[in-house]
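First the proteins, then the strands, lettered A, B, ... as listed; each starts at 1.
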There are 2 protein chains.
Amino acid sequence: MQGSVLSGDDRLPKYMRLADSIRTEIALGKRRPGDQIASEAELAMHYDLAPGTVRQAIAILVDERILERQHGKGTFVRHPRFDSSMFRFFRFLGADGLDLEPESRILRRLLLPAPEHVAQALSIDVGADAIFMNRLRLVDSKPVLVEEIWLPLPRFSAFLEIEEREIGPLLYPVYDRECGQIVARAEEYLTAEAAGVEFSSILQIEPSEPVIVIDRIAYAYDDVALEWRRSRGLAKEFNYHASIR
Amino acid sequence: MQGSVLSGDDRLPKYMRLADSIRTEIALGKRRPGDQIASEAELAMHYDLAPGTVRQAIAILVDERILERQHGKGTFVRHPRFDSSMFRFFRFLGADGLDLEPESRILRRLLLPAPEHVAQALSIDVGADAIFMNRLRLVDSKPVLVEEIWLPLPRFSAFLEIEEREIGPLLYPVYDRECGQIVARAEEYLTAEAAGVEFSSILQIEPSEPVIVIDRIAYAYDDVALEWRRSRGLAKEFNYHASIR
DNA sequence: CACCTATACTCCTCTATAGGACTATAGGAG
DNA sequence: CTCCTATAGTCCTATAGAGGAGTATAGGTG
């Protein structure tokens, strides 16, 4: 096929409109992570563009970490891989000095009315029912992280039905497989506080000991908020790194 | 001038070698933040390259936040602006709800033998003398942040001589003006802990109250480590945001 | 004086083309 | 069977050029 025309505002540069068009295809689910997109030559032919213009469009999406180029193979929808990012920050070393894979234990999973800050983040009505899950992460059978997770309905209603043993330590693959929801990006907000009575007993520390609190809102490709999560972990195991310039 | 030849390994693509060449000029101090570099057309002429190749080289440096393009005006060495980044994280609001400019009070400034972690970061000998500075940041006359700062000799020897009143709240401009040292980028490492007796008294809080600890190593354009800094601030005023994908 | 216009310089968009480098596969040589 | 080679498809590098768009300035117009 040849001579197809780019949609969108024609006052915008062609490379932007092509990038928008590919981004939209992904947001609509026509292309999933891992899928190969059309080659640069095909896109150029299809939309009647010069190769350089196509490359410029793709460069934008590579920069946004939506696409990934592989020299000699093709261009692919990137697999977002940050579910375990909490363990970029928390390094738990076993007696042998090697990183340990943390276990997961679900403490509660039920419907509850969403509190205000959650409802706002997930764009649902305050007090509307949502799925609430309470999870404990353990390393060497010692608790290191507690999580409060909120998921909106009806998008995640299937998540209440599935067996607990089907839920591994990584939740985002489960969201994809069981509910068809793909997490594309997230925003994290980080602070610290004293553990307090509730969490000190769960984490088996003193109430005055500091914990890191990470709030995360996860979004789909179309920017719909999918999950609200608050994680608390031992501050002394926590180390975050950032490069700034 | 025309027909100049790119230096560096000629197995590398030309755009990379041009980027390297510009980066090196900046590292050597031939170009300073704010300076305008040669136009794309001039560079293309000078090195006998196609305009697209020059643009590709500049794009790399723009991506690295070393250069900045201004449509219609030119391309400039970017001003690194992150000295106040601590106050991206700590938001101190006055009674009127507006952001407050924090004051600075230097508690100590003297030569001391560098402890191991500092010496390692600054690539100097353990126990070698270095400048140590202890600084307090205040908002509304209330202490909110304590800083320990280490600077290597002989690079910063002028810093010991200058009057305290010449040192404003922002140190990096002082490093530039007084010592000719430009901070180009930094690495930050973040954790939290209980304040402890020493810092609780300085920050006027309880010893058990949590504080955020930010270690920062600042580097020049040529990747020489210029400053080691550890800042401690009230955790409850601290909020860090990150986008991940 | 205030305003407009022409000019020159900058980066930006887009076209068109040629060949190199990397990957994968099919088929033949040994 | 293993190894090599040819081939085709992919992204990557580089060339050359035309015109658009934003910025600044000099000089003319009213």
Side-chain angles (χ1 to χ4, degrees), chain A residues 1-23 31 34-79, chain B residues 1-23 31 34-79:
Chain A
M1 182 145 60
Q2 188 178 357
S4 291
V5 100
L6 282 169
S7 58
D9 189 335
D10 67 0
R11 291 168 302 182
L12 291 172
K14 294 181 182 176
Y15 73 91
M16 283 187 198
R17 290 159 64 204
L18 176 53
D20 287 347
S21 153
I22 296 172
R23 202 187 286 105
R31 310 250 180 216
D35 287 358
Q36 181 166 15
I37 69 164
S39 75
E40 297 178 355
E42 280 167 2
L43 286 169
M45 180 80 80
H46 184 76
Y47 290 107
D48 194 24
L49 295 172
T53 306
V54 173
R55 275 187 71 73
Q56 202 174 354
I58 290 174
I60 292 178
L61 300 175
V62 169
D63 208 62
E64 291 177 3
R65 296 175 171 269
I66 290 175
L67 296 182
E68 222 170 19
R69 289 202 246 238
Q70 292 188 46
H71 190 170
K73 296 182 70 175
T75 304
F76 302 82
V77 180
R78 179 169 173 276
H79 259 108
Chain B
M1 183 146 58
Q2 188 177 357
S4 292
V5 100
L6 282 169
S7 58
D9 190 334
D10 68 359
R11 291 168 302 184
L12 291 171
K14 295 181 183 178
Y15 74 90
M16 283 187 198
R17 291 159 65 203
L18 176 52
D20 287 347
S21 152
I22 297 172
R23 203 187 286 105
R31 310 252 180 215
D35 287 357
Q36 180 166 16
I37 69 164
S39 75
E40 298 179 356
E42 279 168 1
L43 287 170
M45 180 81 79
H46 184 77
Y47 290 106
D48 194 25
L49 296 172
T53 306
V54 173
R55 274 188 72 74
Q56 203 174 352
I58 292 174
I60 291 178
L61 301 174
V62 169
D63 208 59
E64 292 176 3
R65 296 174 172 270
I66 290 175
L67 296 182
E68 225 171 19
R69 289 202 247 239
Q70 292 189 46
H71 190 172
K73 296 184 72 177
T75 305
F76 302 82
V77 180
R78 179 171 173 275
H79 260 108

**Student:** When you check the gap from the basic side-chain N to the acidic O, do Glu40(B) and Arg69(B) get nearer than 4.0 Å?
**Tutor:**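 So Glu40(B) pairs with Arg69(B) through a salt bridge.
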**Student:** Give the rounded distance in Å between these two atoms: CZ of Phe76(A) and P of dA24(C).
**Tutor:**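 It is 9 Å, rounded to the nearest whole Å.
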**Student:** Could you tell me whether the phosphate oxygens of dT13(C), OP1 or OP2, come under 4.0 Å of any side-chain nitrogen or oxygen in Gln56(A)?
**Tutor:**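 Answer yes for this pair, as a side-chain N or O of Gln56(A) is under 4.0 Å from OP1 or OP2.
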**Student:** Is it true that Asp20(A) and Arg17(A) have a side-chain N and a carboxylate O under 4.0 angstrom from each other?
**Tutor:**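 Here Asp20(A) does not pair with Arg17(A) in a salt bridge, since their nearest N and O are not under 4.0 Å apart.
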**Student:** Does Ser39(A) have a side-chain nitrogen or oxygen under 4.0 Å from the phosphate oxygens OP1 or OP2 of dT10(D)?
**Tutor:**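 Yes, Ser39(A) has a side-chain N/O under 4.0 Å of OP1/OP2 on dT10(D).
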**Student:** At under 4.0 Å, does any side-chain N or O of Tyr15(B) touch on OP1 or OP2 of dT13(D)?
**Tutor:**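 Yes, Tyr15(B) has a side-chain N/O under 4.0 Å of OP1/OP2 on dT13(D).
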**Student:** So, OP1 or OP2 of dA24(C): does either fall under 4.0 Å of a side-chain N or O from Lys73(A)?
**Tutor:**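 So the side chain of Lys73(A) is within the cut-off, an N or O lying under 4.0 Å from OP1 or OP2 of dA24(C).
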**Student:** Would you say dT15(D) has OP1 or OP2 under 4.0 Å from some side-chain N or O of Thr53(B)?
**Tutor:**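 Checking dT15(D) against Thr53(B), a side-chain N or O does come within under 4.0 Å of OP1 or OP2.
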**Student:** Nearest whole angstrom, please: distance from the P of dA8(D) to the CD of Glu40(A).
**Tutor:**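 So the two atoms are 20 Å apart, to the nearest Å.
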**Student:** Val77(B) versus Ile37(B): any side-chain heavy-atom pair under 4.5 Å?
**Tutor:**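 A side-chain contact exists here, since the closest heavy-atom pair is under 4.5 Å.
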**Student:** OP1, OP2 of dC11(C) versus side-chain N and O of Arg55(B): anything below 4.0 Å?
**Tutor:**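 Indeed not, no polar side-chain atom of Arg55(B) lies that close.
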**Student:** Rounded to whole angstroms, how far apart are NZ on Lys14(A) and P on dA16(C)?
**Tutor:**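 Result: 9 Å.
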**Student:** Would you mind telling me which residue lines up with the more 5' stretch of DNA chain C, Gly72(A) or Met16(A), judged by nearest nucleotide?
**Tutor:**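 Taking each residue's closest nucleotide, the earlier one in sequence belongs to Met16(A).
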**Student:** May I ask you to verify whether the side chain of His71(A) and the base of dC22(C) hold a donor-acceptor pair under 3.5 Å?
**Tutor:**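 No pair found.
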**Student:** Leu67(B) has an atom CG; how far is it from atom C1' of dT10(C), in whole Å?
**Tutor:**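 So the two atoms are 15 Å apart, to the nearest Å.
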**Student:** In whole angstroms, how far is the C1' atom of dC11(D) from the CG atom of Leu43(A)?
**Tutor:**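 Atom CG in Leu43(A) sits about 13 Å away from atom C1' in dC11(D).
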**Student:** Can you tell me the distance, in whole Å, between the CG atom of Asp48(B) and the P atom of dT15(D)?
**Tutor:**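 Result: 8 Å.
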**Student:** Rounded to whole angstrom units, what separation is found between the CE atom of Met45(B) and the P atom of dT10(C)?
**Tutor:**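 Between P of dT10(C) and CE of Met45(B): 11 Å.
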**Student:** Examine dT10(C): is either OP1 or OP2 under 4.0 Å from a nitrogen or oxygen in the side chain of Arg69(B)? Give yes or no.
**Tutor:**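 Answer no for this pair, as no side-chain N or O of Arg69(B) is under 4.0 Å from OP1 or OP2.
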**Student:** Can you tell me the distance, in whole Å, between the CZ atom of Arg11(B) and the C1' atom of dG20(C)?
**Tutor:**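 Between C1' of dG20(C) and CZ of Arg11(B): 16 Å.
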**Student:** Per the side-chain contact (heavy atoms from CB on, under 4.5 Å) rule, which among Val54(A), Ile60(A), Leu61(A) passes with Ile58(A)?
**Tutor:**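 Only one option passes, and that is Val54(A).
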**Student:** If we only count heavy atoms from C-beta on, is the Leu18(A) to Leu6(A) side-chain gap below 4.5 Å?
**Tutor:**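 Side chain of Leu18(A) against side chain of Leu6(A), heavy atoms only: contact under 4.5 Å found.
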